[in-house]
Participant: 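Okay, here's the structure, questions in a sec.
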Amino acid sequence: MSALSELIDGAVREDAVRLGGAGFATDRFGAVRGRVARRRAARSAGVGGASVLGVGVLAVGAAHVPWNGMVFGGPASSPSVACVTSTPDAVAGSALTVPAEALFALTDEATLAVYFVGWRDGYPVVWDQNGAEVEVWPVGDQAELTLESGTIVRFPDWPDLGSIPPVEGVTVTPIADFVGVETDPRLQTAPVEGFTLLSVSGVDWEVNQDGVTLATAHREGNTTTFTFADGAVKEYDLEGVRRLTVELPDGTEAIFRVDGAELTYEGSLVVQSEPAGQTATVTCVTTTPEPSASPSPSLSASPSVSPSASPSEIAAAAESPFYCGFEFASDRFGTDTLRVSGARTTASDIRATFSDWYGNQAPTTVVADSDSVAYRAALEQADVRGATSTFDPASPEAIQVSRDYDMPSLGFTFVAVSDGKVVGTVAPGSAGETPGVAVDSAGEGSPEEAFLWDLDALSPCGAVSIEGAQIYAVAGFGHDGDFAYSWMRLAE
Amino acid sequence: MARWEPVLDEVMRERSPRLLAYARLLTGDDAEAQDVLQDALVRSFSRGRAFDNANLAEAYVRRAIPSVFIDRLRRRKAAERAHDRDVSLGGRDVLTLDRDVVIDVRAALAALPPQERACIVLRFYDDLTVPQISAQLGIAEGTVKRYLSDASGKLTRLLGEDVDASTGATGVPVQPAMKGARP
């Protein structure tokens with residue numbers, strides 16, 4: 001008798017030979033490369049390939065995050081939201097290596113192995129307790145991590161930086177609250193008086209409380225079956241498990257150490273598990289773009305003016321056209337290496353372009369097919385390439401992305417200008433949360449383009465009105481610590 | 001050139017035959033297999049992760065292929081799905097096909113409805129369990145079991161009793177033990 005699996009395997013081998021050759025690569029490389037490039041560019045600008053509006057709502061507050069704080073969540077994932085954390089002292093002194101980018105600690109309750117989770121460019125990154133990166137696999141629209149015990153943790157592909165869905169058998173802790181396995185109260189056990197685990201044979205045990213048998217346990221291979229006094233049966237796979245948690249009929253949770261064929265009682269959980277569905281969160285606050293008094297590649301740049309500043313503060317000149325208060329000396333500025341051009345257009349024009357680029361996927365679907373006012377700009381140089389976003393290329397976020405991708409940073413956005421000064425800005429890189437702006441290109445050999453189809457995407461700088469303001473397209477390019485800017489007033 | 005491009009180039013030049021063959025198992029059609037592989041490549045390389053090497057990238061793409069295949073099915077309208085089934089069956093009912101005609105396992109797989117085919121491929125080629133198939137395709141475990149059961153019966157009738165297409169005989173673990181965690 002042939003096994004179906006063998007027949008299928010043979011068919012695949014035959015087909016691989018038949019389908020060999022360079023045809024597929026020759027015919028499709030350009031198309032694949034172009035689609036990937038556009039999607040990555042859209043992602044860097046904060047526009048999700050699947051849904052512009054689908055970004056999870058984060059915990060927000062009025063707090064203003066100082067730029068010298070630790071800022072997590074690059075512009076690709078949720079640029080206008082920063083999660084400020086610090087490494088707890090208790091962990092800093094332990095043997096664990098806590099990556100600087102970590103937002104959460106995951107403890108595999110079956111092994112007490114610790115994992116750290118952060119996000120990079122809209123995708124979860126996981127490190128083990130030694131700081132080594134662990135593989136995360138894409139599954140559908142999610143990403144999947146398999147812990148040492150075999151327990152699977154799923155992350156949203158386009159993550160809500162504020163939370164990780166609860167997982168049975170996994171303790172999730174915001175990194176700021178993580179105090180280490182040894183001292184985490186949720187993992188601490190204490191022997192219960194009168195509770196014993198009696199070994200009946202090499203593979204059979206009795207769980208007793210004050211001489212009364214609560215359950216019997218039988219192990220067969222990697223599977224251990226607990227049969228309780230009320231007849232209930234629970235089966236556990238012990239492969240990879242060093243610490244077995246068993247919920248008893250009275251609701252308490254007994255912890256058994258697994259060491260080869262041995263099973264020993266460690267104690268019972270002191271603190272009962274969190275209710276199912278409870279989600280660990282980190283504190284995230286909205287931030288607004290900060291003008292850099294002197295654009296610098298330094299991650300600790302200390303800006304002096306913010307879009308939410310008072311009019312008098314806005315009067316202080318910012319030195320980057322991406323920020324409130326910058327004063328334009330001319331309607332247009334550019335060089336042979338970086339020059340912006342653009343014009344007013346309509347939403348339907350932008351929609352038609354998106355339809356050509358993205359088909360019926362976002363962002364096409366969020367642009368109205370109407371004659372409402374919109375703006376469109378492009379770089380004149382098609383060879384200006386980099387990690388694209390709507391951030392100032394000198395901003396810490398853009399520099400971080402630039403480092404991640406090992407490429408220059410390209411910022412492209414729109415600002416509202418009144419009396420020659422920037423009085424309104426788009427929250428940088430926030431197209432995913434502030435629909436109405438996108439940066440992308442038609443693909444290889446095509447210049448980067450910026451689109452503004454919803455003027456509500458522009459936020460006024462403090463109390464200054466942007467009513468009647470002119471719209472400028474602004475681009476910046478950063479490479480090896482050098483930054484160049486270009487702008488153009490777009491015709492009314 | 002972005003650093004993902006050389007890896008994409010290598011995967012497409014050197015790994016595409018195997019990936020195409022795998023996609024063809026699911027689609028039953030060369031042209032559609034190319035479309036599925038193209039979408040899987042785009043999906044895998046569009047993510048934030050930068051692949052360090054072609055082996056890792058190939059593994060990601062391979063894993064994305066079934067999801068892409070199912071997603072494409074879902075996007076089609078009911079009428080189109082019905083049409084596809086007619087095409088794949090050559091206009092005949094699967095159970096009335098002459099066994100002599102179905103001498104190739106590919107033809108037998110192509111005679112299955114796409115969802116059943118996907119489950120069979122993941123079970124018998126990728127050696128996944130029911131929960132793993134359920135997770136990968138995003139369909140309920142009960143539905144996976146039903147697809148596997150139905151498909152197994154059809155394949156046995158198409159390929160004959162000499163071929164073991166029994167999901168039970170190959171030990172499909174439909175109710176895995178818990179992984180040391182609270183039930």
Side-chain angles (χ1 to χ4, degrees), chain A residues 1-5 7-9 11-13 15-17 19-22 24-25 28-29 31-33 35-37 39-40 43 49 76 109-110 120-123 137-140 144 149-152 157 168-169 223 234-238 240-241 243-247 253 258 273 405-407, chain B residues 2-5 8-9 12-14 16-18 20-22 24-25 30 33-34 37-38 41-50 56 59-60 63-64 67 70-71 104-106 109 120-121 124-125 127 135-138 152 155 159 161-165 170 176-183:
Chain A
M1 177 179 283
S2 305
L4 180 58
S5 57
L7 293 178
I8 295 176
D9 195 46
V12 171
R13 282 200 301 272
D15 278 342
V17 172
L19 297 167
F24 179 78
R28 306 241 180 171
F29 180 77
V32 173
R33 188 214 161 277
R35 285 174 66 192
V36 171
R39 285 178 171 222
R40 293 184 78 99
R43 229 162 219 263
E109 294 171 7
R120 187 185 297 155
D121 193 34
Y123 198 76
W137 292 84
V139 175
E144 184 177 286
S149 66
T151 302
I152 291 173
D157 179 38
E168 198 69 53
T223 302
K234 292 178 181 175
E235 202 172 76
Y236 299 86
D237 180 1
L238 298 189
V241 172
R243 188 175 184 266
L244 174 65
T245 305
V246 177
E247 184 178 356
E253 289 164 310
V258 182
S273 299
Y405 281 94
D406 191 23
M407 62 173 66
Chain B
R3 68 181 172 189
W4 52 267
E5 289 183 41
L8 173 65
D9 181 54
M12 291 190 70
R13 278 189 292 102
E14 298 177 7
S16 62
R18 272 183 302 188
L20 276 173
Y22 179 63
R24 196 198 177 285
L25 268 186
D30 287 357
Q34 292 199 356
L37 176 55
Q38 178 169 323
L41 286 162
V42 170
R43 180 179 288 191
S44 301
F45 279 84
S46 296
R47 295 171 190 269
R49 193 179 205 301
L56 182 62
Y60 269 78
R63 188 153 175 168
S67 301
I70 289 296
D71 287 349
D104 190 322
V105 69
R106 281 165 291 211
L109 286 173
I120 285 289
V121 168
F124 286 94
Y125 186 68
D127 203 26
Q136 185 145 358
L137 299 182
S152 175
L155 288 173
L159 296 169
E161 298 292 340
D162 289 343
V163 175
D164 179 11
T170 51
M178 289 167 285
K179 275 286 180 189
R182 293 177 300 279

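Chain letters run A, B, ... following the sequence lines, proteins first and then strands; every chain starts at 1.
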Participant: Can you tell me which portion of B:Ala33 sits under 4.5 Å from chain A's heavy atoms? Options are side chain, backbone, both or neither.
Facilitator: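 B:Ala33 has no heavy atom closer than 4.5 Å to chain A.
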
Participant: Specify the closest pair of heavy atoms between A:Ser5 and B:Phe124, including all atoms of both residues, with the distance to one decimal.
Facilitator: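 Smallest heavy-atom distance, with atoms named: CB-O, 3.0 Å.
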
Participant: On a heavy-atom basis, which atom in B:Met12 and which in A:Ala25 lie closest, and how many Å separate them?
Facilitator: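 In this case the closest contact between B:Met12 and A:Ala25 is O-CB, 3.4 Å.
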
Participant: Please flag which part of B:Leu25 lies under 4.5 Å from any non-hydrogen atom of chain A: side chain, backbone, both or neither.
Facilitator: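 Only the side chain of B:Leu25 comes within 4.5 Å of chain A.
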
Participant: Less than 4.0 angstrom from a charged side-chain N to a carboxylate O is my criterion; do B:Arg18 and A:Asp15 meet it?
Facilitator: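 The answer is no: the pair does not qualify as a salt bridge.
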
Participant: Where is the tightest heavy-atom contact between A:Ala16 and B:Ala21, given as atom of each residue plus distance?
Facilitator: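 In this case the closest contact between A:Ala16 and B:Ala21 is N-CB, 3.6 Å.
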
Participant: Can you tell me which of B:Leu109, B:Asp9, B:Leu41 forms the most heavy-atom pairs within a distance under 4.5 Å of chain A?
Facilitator: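 Most pairs with chain A among the choices: B:Asp9.
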
Participant: Using non-hydrogen atoms only, which part of B:Asp127 is less than 4.5 Å away from chain A: side chain, backbone, both, or neither?
Facilitator: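 Neither the backbone nor the side chain of B:Asp127 comes within 4.5 Å of chain A.
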
Participant: Starting at CG of B:Leu155, measure out to CD1 of A:Ile8 and round the result to the nearest 0.5 Å.
Facilitator: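 B:Leu155 atom CG to A:Ile8 atom CD1 measures 7.5 Å (nearest 0.5 Å).
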
Participant: Between A:Val32 and B:Phe45, is the side-chain contact (heavy atoms from CB on, under 4.5 Å) condition met? List the steps.
Facilitator: CA-CA 9 Å; A:Val32 173; B:Phe45 279 84; 6.0 Å; no

Participant: side-chain contact (heavy atoms from CB on, under 4.5 Å) between A:Leu4 and B:Tyr125: does it pass, once the steps are laid out?
Facilitator: CA-CA 9 Å; A:Leu4 180 58; B:Tyr125 186 68; over 6 Å; no

Participant: When rounded to the nearest 0.5 angstrom, what distance separates CG in B:Asp30 from CZ in A:Phe24?
Facilitator: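 Atom-to-atom, B:Asp30:CG and A:Phe24:CZ are 12.0 Å apart.
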
Participant: Roughly how far, to the nearest 0.5 Å, is CZ of A:Phe29 from CD of B:Glu5?
Facilitator: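 Going from the CD atom of B:Glu5 to the CZ atom of A:Phe29 covers 6.0 Å.
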
